[in-house]
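First up is the structure itself, then whatever we jot down about it.
Excluded from the calculations below are hydrogen atoms, water molecules and symmetry mates; all remaining heavy atoms, backbone and side chain alike, are included.
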Amino acid sequence: MRAGPSQEEIRRHNLGALLRHVHLGGPTSRAELTNRMGLNRSTIMALTADLTAAGLVREELPRETGRAGRPSLVVRPESARVYVFAFDVGVDRMVAARVGLGGTILDRRETVRRRGSFSMEEIVGPLAAFARQMHRRTRPDTVCVGVAAAFPGGVGRDDGIIRFGPNMVTVEDVPFAEEMTRRLAFGLPVAVGNDANLAALAEQTRGVGVGCRDLVYLHGDVGIGGGVIVNGQLLGGHLGFGGEVGHMIVNPGRGRLCSCGSLGCLEAEVGERALLEAAGRFGPKVGVDAVRAVVDAADRGDVVAQAALSRVGDWLGLGVANLVNLFNPEMIVFGGMLREIYLGSAAQVRSRLAVDALPPSREHLRLRTSALGDDATLVGAAELAFSQVLADPLEVLARAGS
């Protein structure tokens, strides 16, 4: 017979839960924390005292209460003192940021990435240099509690090895996490996650999907990625490669060749190249600006651009209908380049849903665009970096401080 959790385990859980409330919700009164966590006031006071002593939060009087009587102290995250490094590796750009507890971006660097090749040094080198620059600007009393990166490819859940990245050219079995950890030399392991999976978690915790427990996030860069959240949990799959919705076959008969080698993947029918070729605009100008130019042209009455969006939107709607039938989500979120494509082809997407999605599954479905925009993947990487300190605040802080 398994024994129940010990008092120390309960305390550790409650410390993490309280810190998570403040990290995600911002400054929160003791009274509100008591209500949210279902604990008594003395327990909340003891927990906040422990977190305050560790330098993770601070307590202060509220600015205005509007009520008579003694005001409840407000608990605030120590955003300026406790932080993580977050990296976002995209096909066209790379971003590094220092993110404070509570989600505040304290510092960031960004650079353009050249398409058509993959070099570990060309990615790890600039990112590590950015992190060192930002680290030198920190105060002596600050502490880094985590490092994580978002990458557009299949990432092994347990080892941070990039198993595949079709749109990054010949990316296969790359020990990205290990190399980043070595180059940074911060004494902290670098966690790596698939960019769309991390963006899905970011939208659920800080974006348009807050409070939504069943959500599918679709991310467009050059290709199409996805993150599926079921009952509040990311659907990762056996080895961590779940959610590759861009490689769902939607047009097996005469489909376009996908970068993965298959024919008729959703990515091949809906991605950047498919839209630009259909609009007669595929050439030197690529990326999100090129996609936006097609959407803008369609808005101005360009019939070729309108036809291109209609075609791509029809395939996108078919893919969304399949996802709705499979997962019955409460919300579908369109992010990255797909935000622009969806806004220009919403009628086609909804038309496909009306025909191909099961009526009970689509009845209460909400279609939304990303609230975090181009930073969704970066925010997701930051949340991955914070995950350990939120699980065990005092232990992680002590380890990082040493």
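Annotation: Q7, atom CD; neighbour count of heavy atoms from other residues, nucleotides and ligands within 6.0 Å does not exceed 12. Within 6.0 Å of the CD atom in Q233, the count of heavy atoms belonging to other residues, nucleotides or ligands does not exceed 12. Within 6.0 Å of CZ on R366 lie more than 12 heavy atoms contributed by other residues, nucleotides or ligands.
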**Message:** Run D92 and R114 through salt bridge (charged side-chain N to carboxylate O under 4.0 Å, His left out) and show every step you take.
**Reply:** CA-CA 6 Å; D92 292 322; R114 180 170 54 90; over 6 Å; no
**Prompt:** How far apart are the C-alpha atoms of F176 and V89, what are their side-chain angles, what is the distance that settles it, and do they pass the side chain to side chain contact (heavy atoms under 4.5 Å, CB included) test?
**Reply:** CA-CA 11 Å; F176 183 70; V89 179; 4.1 Å; yes
**Message:** For Q348 and L316: C-alpha separation, side-chain torsions, deciding distance, then whether side chain to side chain contact (heavy atoms under 4.5 Å, CB included) applies.
**Reply:** CA-CA 8 Å; Q348 284 72 30; L316 178 59; over 6 Å; no
**Verdict with supporting geometry, R108 and D375, salt bridge (charged side-chain N to carboxylate O under 4.0 Å, His left out)** = CA-CA 11 Å; R108 72 182 284 159; D375 276 345; 3.0 Å; yes
**side chain to side chain contact (heavy atoms under 4.5 Å, CB included) between R136 and R132, intermediate numbers included** = CA-CA 6 Å; R136 285 195 293 267; R132 286 192 292 269; 4.0 Å; yes
**Item:** L394 vs L15, side chain to side chain contact (heavy atoms under 4.5 Å, CB included): CA-CA, chis, key distance, verdict
**Value:** CA-CA 8 Å; L394 303 187; L15 283 168; 3.8 Å; yes
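For M331 against C212, the heavy-atom pair with the smallest separation is CB-SG, 4.0 Å. Across all their heavy atoms, I332 and L218 have their closest contact at CG2-CD1, 4.2 Å. When all heavy atoms of A131 and F87 are compared, the pair lying nearest together is CB-CZ, 3.9 Å. The shortest non-hydrogen separation linking A97 to L378 is CB-CD2, 3.9 Å. Across every non-hydrogen atom of E267 and C258, the tightest pair is OE2-SG, 3.9 Å. Minimum heavy-atom separation, A376 to S370: CB-OG, 4.2 Å.
Proximity of a side-chain donor or acceptor of E269 to a complementary backbone N or O of R256 within less than 3.5 Å is detected. Judged purely by atom type and a 3.5 angstrom limit, R352 has no side-chain atom pairing as donor or acceptor with the backbone of G317. Judged by distance alone, with hydrogens and angles left aside, the side-chain atoms of T142 form no donor-acceptor pair with the main-chain N or O of T138 at under 3.5 Å. The closest donor-acceptor contact from the side chain of T28 to the backbone of G26 lies under 3.5 Å. The closest donor-acceptor contact from the side chain of S387 to the backbone of L384 lies under 3.5 Å. Put simply, the side chain of S310 never gets that close to the backbone of Q306: no donor and acceptor are under 3.5 Å apart. Listed for the T181 side chain is a donor-acceptor partner under 3.5 Å among the backbone atoms of V190. For the pair S6 (side chain) and E9 (backbone), a donor-acceptor distance under 3.5 Å is present. No donor-acceptor distance shorter than 3.5 angstrom exists from the side chain of T43 to the backbone of L39, with no hydrogens or angles considered. Under the 3.5 Å distance criterion, the side-chain polar atoms of E272 are matched with a main-chain donor or acceptor of G287.
Judged by the 6.0 Å distance and 45° axis criteria, R273 is positioned over the aromatic ring of F282.
The existence of a salt bridge linking D302 and R281 is confirmed by a sub-4.0 Å separation between a basic side-chain nitrogen and an acidic carboxylate oxygen. A salt bridge is absent between E32 and R30; no separation between the charged side-chain nitrogens and carboxylate oxygens falls under 4.0 Å. A salt bridge does not link E395 with R12: none of the charged nitrogens is closer than 4.0 Å to a carboxylate oxygen. With respect to R93 and D88, a salt bridge is recorded, a charged nitrogen being found less than 4.0 Å from a carboxylate O. For E59 and R76, the salt-bridge test fails: no basic side-chain N is under 4.0 Å from an acidic carboxylate O. In summary, D314 and R311 do not engage in a salt bridge, as defined by a charged side-chain N under 4.0 Å from a carboxylate O. With respect to the salt-bridge test (charged N to carboxylate O, under 4.0 angstrom), the residues E330 and R368 do not qualify.
D374 contributes atom CG, which lies 12.0 Å from atom CE of M337 (distance to the nearest 0.5 angstrom). Taking OG from S79 and CG from L106, the interatomic distance works out to 7.0 Å, rounded to the nearest 0.5 Å. With values rounded to the nearest 0.5 angstrom, D299 atom CG is found 13.5 Å from R292 atom CZ. Annotation: the span from R213 atom CZ to N231 atom CG amounts to 4.5 Å, rounded to 0.5 Å. In this structure, CE in M45 is found 11.5 Å from OG1 in T52, a value given to the nearest 0.5 Å. From Y217, atom OH reaches atom NE2 of H219 across 5.0 Å, with rounding to the nearest 0.5 Å.
Checked against ring pair (Phe, Tyr, Trp, His ring centres under 6.0 Å), F186 has the following partners two or more places apart in sequence or in another chain: F85, H135.
You'll find the side chain of L353 reaches within 4.5 Å of the side chain of L367, heavy atoms only. Proximity of M120 to V174: side-chain heavy atoms (C-beta onward) are separated by under 4.5 Å at one or more points. In this structure, M94 and L127 have side chains that are in contact, with non-hydrogen atoms separated by less than 4.5 Å. The shortest distance between side-chain heavy atoms of L397 and L56 falls below 4.5 Å. Counting heavy atoms from C-beta on, the side chains of V324 and L358 never come closer than 4.5 Å. At least one side-chain heavy atom of L201 sits less than 4.5 Å from a side-chain heavy atom of Q204. Between N194 and F151, the closest side-chain pair of non-hydrogen atoms is not below 4.5 Å. V270 places a side-chain heavy atom less than 4.5 Å from the side chain of L338.
Applying the side chain to side chain contact (heavy atoms under 4.5 Å, CB included) test between V57 and each of D50, V75, V82 identifies V75 as the sole match.
For the residue pair H23 / R206, a side-chain donor-acceptor distance below 3.5 Å is found, with atom types taken as modelled.
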